[in-house]
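Here is the structure we will look at.
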Amino acid sequence: MRNVNPDDVEATPRPAVAIGNDYPPQFELARHSHRRAQLLYAAEGVITVDTEHGAWVVPPERAVWIPAGVPHSVRMVGAVKTRSVLIEPACCPARAAQCEVIVVSALLRSLLVEAAESPPEYDIDGRDGLVMALLMAEVNRAPTILLAVPFPKLPGLAAKCHAFLARPDARVTIEDWCRDLNLERRTFTRLFRRQTGMSFAAWRQQACVLTALPRLAGGETVTGVALDLGYDSPAAFATMFKRWLGVPPSHYQSETQAHI
């Protein structure tokens, strides 16, 4: 499939335009934004999306909703095939005003693949138009899955969060951060939840999950990732991972490796 720059189809006079791109391993798209909202689907491989407000990891068979005008960068883990839809924001009013990872049903997956084969200026009243209309309806109602690490706005706390995401350690405690930030525990817990919408423990686990997914996709072992993240054993890591995603870490490793 021919790679298409989203900027080349942004002005297309259609409510939604679908494109497909294939990327080599470790390819990166620098910080940019789109006039339209974007649904970015990882048909194969794993992608990570970063904004000033947080980080999202998109494993195979998931997609990330990126609202219109939100600056973001994208990094590919391994060889990646994406299917992307640029949508006029008013066409999916139920979607959030911030990035979120959504579950891709079998129907939505088929529609994304089919829509990517349509010409940009498809016949709205023809088959392609019907496909695109149903696709937007499915995007609008798709459930979300928590695969995000929100960043706080407070500079000192934000710096700690960014540093942790760069080098996660499951052994780090609230007391460690309270000491570093010179805050009482009660003040810290209230501040952290207000700034991120999550408890510190939940945020720390999400950061570990999001860091682990690309590494598993890159071929690292579950044991190696678990111990490097500070877990006492692979079993403890797998238990935490499954609690968040519903499947063990080996599921994503084997699924992704089968594509690469």
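Owing to the predicted nature of the structure, the values given are computational and were not obtained by experimental measurement.
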Are [X] and [Y] connected in the hydrophobic side-chain network, where two residues link if heavy atoms are under 4.5 Å apart?
X: V85; Y: L40; answer: no
X: W203; Y: F241; answer: yes
X: L86; Y: M132; answer: no

Within the side chain of [X], is there an N or O that forms a donor-acceptor pair under 3.5 Å with the backbone of [Y]?
X: N140; Y: A94; answer: yes
X: T187; Y: L183; answer: no
X: T51; Y: H53; answer: yes
X: Q38; Y: I87; answer: no
X: R83; Y: A42; answer: no

Side chain to side chain, [X] and [Y], heavy atoms closer than 4.5 Å:
X: E52; Y: V70; answer: no
X: W56; Y: T48; answer: no
X: V131; Y: L111; answer: yes
X: T189; Y: F200; answer: no

Charged N-O contact under 4.0 Å between [X] and [Y]:
X: R127; Y: E114; result: yes
X: D176; Y: K160; result: no
X: R14; Y: E88; result: no

Salt bridge (charged side-chain N to carboxylate O under 4.0 Å, His left out) between D50 and R31, worked out: CA-CA 8 Å; D50 289 279; R31 186 65 61 92; over 6 Å; no

What's the spacing between [X] [atom1] and [Y] [atom2] if we round to 0.5 Å?
X: R193; Y: R190; atom1: CZ; atom2: CZ; value: 12.5 Å
X: E175; Y: R185; atom1: CD; atom2: CZ; value: 4.5 Å
X: T223; Y: D228; atom1: OG1; atom2: CG; value: 12.0 Å

H32 and H72 aromatic ring geometry - parallel, tilted or perpendicular at 30°/60° bounds: tilted

Mutual orientation of the aromatic rings belonging to H162 and F151 [parallel < 30°, tilted 30-60°, perpendicular > 60°]: tilted

Modelled atom types, side-chain donor and acceptor of Q205 and W244, under 3.5 Å: yes

